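What follows is one structure encoded as structure tokens, with my remarks underneath.
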Amino acid sequence: MHGASAPDPTGAGRSREAPARAVGAPSPSGVARTDEIAAHAESVEAVIAWFAEAGRDLPWRREGVSAWAILVSEVMLQQTPVVRVLPRWQEWMQRWPAPSDLADAPTAEVLRCWDRLGYPRRALRLQECARVIVREHGGRVPRGEQALRALPGVGEYTAAAVTAFAHGERALVVDTNIRRVLARSVRGHALPDRSYSAAERAVAAASLPLSREQSTAWNQAVMELGALVCTARAPRCQQCPLAGGGCAWFAAGRPAATEDTRRRQPFEGTDRQMRGMIMALLRRDGSAAQEQLMGLDADDPERVRRGIRTLAADGLAVRDGAHLRLP
DNA sequence: AAGTCGGGGGC
DNA sequence: GCCCCAGACTT
């Protein structure tokens with residue numbers, strides 16, 4: 001989207017790298033060049049047009065969906081793919097359409113309804129979030145990123161997403177999809193930096209269109225482009241609206257990522273897996289005897305005890321005599 | 001800046 | 001089997 005920017009495959013030129021600039025946006029170094037502005041404006045139009053044609057009809061994007069429903073979708077989508085969120089979100093919104101509904105629900109039911117979306121602390125935080133909204137905001141999702149970020153489970157991304165998608169305001173939305181699209185199209189990198197860097201933020205900020213309408217459309221469209229076309233594994237550049245000069249990575253011949261030393265997290269045999277097994281039992285039966293739980297890993301009883309202890313500490317489970325049960 | 005925290009589908 | 005997914009929170 002920023003055809004004039006030079007690819008920097010090594011990432012070594014981080015400090016010298018000129019951030020892309022939004023249309024007419026003031027830049028740290030002064031003024032955006034006219035051709036850069038024009039090139040970016042063209043990319044913005046192309047990506048938004050692509051979205052209108054190819055974007056998915058996801059239920060939380062439909063007209064009239066409440067801010068609360070959108071907030072719920074964003075929390076569920078934190079590290080969980082869209083296809084798995086869809087059925088849970090539908091059921092969730094039918095059951096607890098407003099913050100006050102969720103605030104009054106039994107926590108055990110909330111955790112059961114979360115099912116296997118993963119990271120069940122999100123469900124706990126979401127209920128606490130509903131209670132805070134009821135208690136401090138009259139039952140309405142607050143406006144403004146600062147107020148949103150004060151809610152449990154709402155971080156930088158979710159606050160921006162709710163501001164943009166629910167409230168229709170200009171906000172710097174940067175998720176894993178947008179990071180990847182901008183890393184490729186603007187910076188010419190195969191992948192984003194290991195952690196969300198200042199350089200990435202600068203690129204995202206400079207790329208965000210200035211008008212309210214265009215900024216929200218851009219956020220939605222770039223995110224979708226990353227999800228459907230500019231994917232992590234096998235990007236479908238043939239279908240990309242930026243392949244015709246709007247993508248620095250494509251223009252450079254799609255250079256491979258420089259040695260990715262990213263730590264990959266194991267799963268088999270971890271406490272995390274144990275917590276998951278215990279929660280699965282509790283969702284199914286409501287409670288489980290200590291003895292039954294120990295059977296989850298007879299070779300490593302300490303691992304089971306850690307699972308029980310940390311789940312209880314997180315408020316995801318409650319010790320009840322010789323049993324463990326949902327809160 | 002790095003660790004922790006679930007779970008499943010695609011390759 | 002490995003990788004990745006609309007991140008948040010703690011240390």
Side-chain angles (χ1 to χ4, degrees), chain A residues 51 55-56 58-61 69-89 111 114-126 128-129 148-166 171-182 190-198 200 204 216 218-228 230-236 257 260-283 306-307 309-311 313-317:
Chain A
F51 178 79
R56 291 167 293 182
L58 299 175
W60 45 82
R61 287 179 180 161
I70 291 173
L71 173 53
V72 171
S73 79
E74 292 300 343
V75 173
M76 287 185 171
L77 287 162
Q78 289 166 4
Q79 297 290 282
T80 304
V82 167
V83 286
R84 283 175 51 204
V85 166
L86 278 169
R88 298 294 105 226
W89 182 84
L111 289 172
W114 191 258
D115 197 39
R116 292 170 298 180
L117 287 180
Y119 299 137
R121 291 188 294 193
R122 288 184 295 166
L124 235 42
R125 293 193 189 117
L126 198 44
E128 188 51 38
C129 176
L148 285 165
R149 281 212 58 167
L151 299 171
V154 177
E156 178 177 357
Y157 162 77
T158 303
V162 169
T163 298
F165 305 143
L172 188 61
V173 179
V174 184
D175 76 324
T176 185
N177 290 307
I178 293 180
R179 286 182 65 199
R180 187 174 53 250
V181 172
L182 295 180
L191 294 172
D193 297 335
R194 283 173 81 170
S195 59
Y196 185 38
S197 64
E200 286 185 81
T216 54
W218 167 256
N219 284 328
Q220 191 78 268
V222 176
M223 193 177 300
E224 190 77 334
L225 188 65
L228 299 183
C230 194
T231 53
R233 223 80 58 87
R236 303 166 174 83
D260 184 11
T261 56
R262 219 172 297 214
R263 290 273 285 190
R264 55 180 203 279
Q265 304 179 27
F267 185 61
E268 191 68 28
T270 58
D271 288 357
R272 192 174 183 174
Q273 182 189 35
M274 175 55 59
R275 287 166 56 103
M277 291 192 286
I278 295 172
M279 287 304 294
L281 264 183
L282 295 184
R283 282 195 305 268
R306 281 197 304 273
R309 173 163 24 89
T310 62
L311 286 173
D314 286 345
L316 286 165

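Since we're looking at a predicted model, the values are computed, not measured. Below, chain A is the first sequence line, B the second, and so on; all start at residue 1.
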Would you check if there is a donor-acceptor pair between the side chains of A:T80 and A:R122 at a distance under 3.5 Å? yes
Can you confirm whether the side chains of A:Y157 and A:E74 place a donor and an acceptor under 3.5 Å from each other? yes
Under 4.0 Å, heavy atoms only, any strand: does [X] hit a base, just the sugar-phosphate, or nothing?
| X | value |
| --- | --- |
| A:V154 | sugar-phosphate |
| A:A161 | nothing |
| A:R283 | sugar-phosphate |
| A:L117 | base |
| A:G118 | base |
| A:T158 | sugar-phosphate |
| A:W60 | base |
| A:R61 | base |
| A:L58 | base |

Taken to the nearest 0.5 Å, the spacing of A:L311 CG from A:M274 CE works out to 10.0 Å
Interatomic distance, A:L117 atom CG to A:R88 atom CZ [nearest 0.5 angstrom]: 7.0 Å
Of the nucleotides [options], which one has an atom closest to the side chain of [X]?
| X | options | result |
| --- | --- | --- |
| A:R233 | C:dC4, C:dC5, C:dC9 | C:dC4 |
| A:N177 | B:dG9, C:dA6, C:dC9 | C:dA6 |
| A:D175 | C:dA6, C:dA8, B:dC11 | C:dA6 |
| A:Q78 | C:dA6, B:dG8, C:dG7 | C:dG7 |

Where A:R236 and A:L228 come nearest, the two heavy atoms and their spacing: NH1-O, 3.1 Å
Taking all non-hydrogen atoms of both residues into account, name the closest pair between A:V174 and A:A204 and its distance. CG2-CB, 3.7 Å
Protein-nucleotide distance ([X], atom [atom1]; [N], atom [atom2]), rounded to Å:
| X | N | atom1 | atom2 | answer |
| --- | --- | --- | --- | --- |
| A:D314 | C:dA8 | CG | P | 17 Å |
| A:F165 | C:dA6 | CZ | C1' | 8 Å |
| A:L228 | B:dG10 | CG | P | 14 Å |
| A:Y119 | B:dG3 | OH | P | 14 Å |
| A:L124 | B:dC5 | CG | P | 16 Å |
| A:R84 | C:dA6 | CZ | P | 11 Å |
| A:R149 | C:dG7 | CZ | P | 14 Å |
| A:R121 | B:dG6 | CZ | C1' | 10 Å |

Taking the P atom in each of C:dA6 and B:dG3, what is the distance between them to the nearest angstrom? 24 Å
With P as the reference atom in both, quote the distance from C:dA8 to B:dG8 in angstrom, rounded to an integer. 22 Å
What stem regions, each of at least 3 consecutive Watson-Crick or G-U pairs below 3.5 Å, can be found for DNA chain B? B:1-5 with C:7-11, B:7-11 with C:1-5
Can you find a pair of side-chain heavy atoms, one from [X] and one from [Y], that are under 4.5 Å apart?
| X | Y | value |
| --- | --- | --- |
| A:C129 | A:V75 | no |
| A:F165 | A:M223 | yes |
| A:W89 | A:V72 | yes |

Once hydrogens and angles are ignored, does a donor-acceptor distance under 3.5 Å link the base of [N] to the side chain of [X]?
| X | N | result |
| --- | --- | --- |
| A:R275 | B:dG6 | no |
| A:R116 | B:dG7 | no |
| A:T80 | B:dG7 | no |

Hey, does the side chain of A:R180 come within less than 4.0 Å of C:dC5's phosphate (OP1/OP2), counting only N and O? yes
Which residue, A:L77 or A:G153, contacts DNA chain C at a nucleotide closer to its 5' end, judged by nearest heavy atom? A:L77
Which residue lies toward the 5' end of DNA chain B, A:P120 or A:Y196, if each is placed at its nearest nucleotide? A:Y196
